[in-house]
A.B. asks: 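Right, I'll just put the structure down here and ask away after.
What you see below is based on every heavy atom in this structure, not just the backbone, and it leaves out hydrogens, waters and symmetry mates.
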Amino acid sequence: MRSETPTAPSDDSAPGDGLVRAGAIVFIVGAVATLVTVAPLFVGTDPFPTVAYLVSMLMGVGFLIAAAGVLRSIAAGRRRARAVQAATAQPR
């Protein structure tokens, strides 16, 4: 028999989580592009055009996006901590 207990919605995403995920995806795309761009140097074939090297720069962009998400998450945590501290410090 199924449990009749309702499940709580699992919305555990904090501010900045989306930026961290997006940054990780962009970083991975840049990392793959870097591997593909460097491969002809080891194989001995002609190098890729400049556009391939520009796509490799997505590694740094992804890192910056993820870092912005981490900083946003930290700021939200500090705001929450200040709000809790202010609420407990008020005289009754």
A.B. asks: Identify all side-chain donor-acceptor contacts of residues 19-47 below 3.5 Å with residues at least two apart in sequence or on another chain.
C.D. replies:
{"from": "T34", "atom 1": "OG1", "to": "G30", "atom 2": "O", "distance (Å)": "2.8"}
{"from": "T37", "atom 1": "OG1", "to": "A33", "atom 2": "O", "distance (Å)": "2.6"}
{"from": "T37", "atom 1": "OG1", "to": "S56", "atom 2": "OG", "distance (Å)": "3.4"}

A.B. asks: If I compare all heavy atoms of Y53 with all of F48, which pair ends up nearest, and what's the gap?
C.D. replies: CE1-O, 3.4 Å
A.B. asks: What pairs meet the side chain to side chain donor-acceptor pair (under 3.5 Å) rule with one or both residues in residues 58-79, with sequence neighbours excluded?
C.D. replies: none
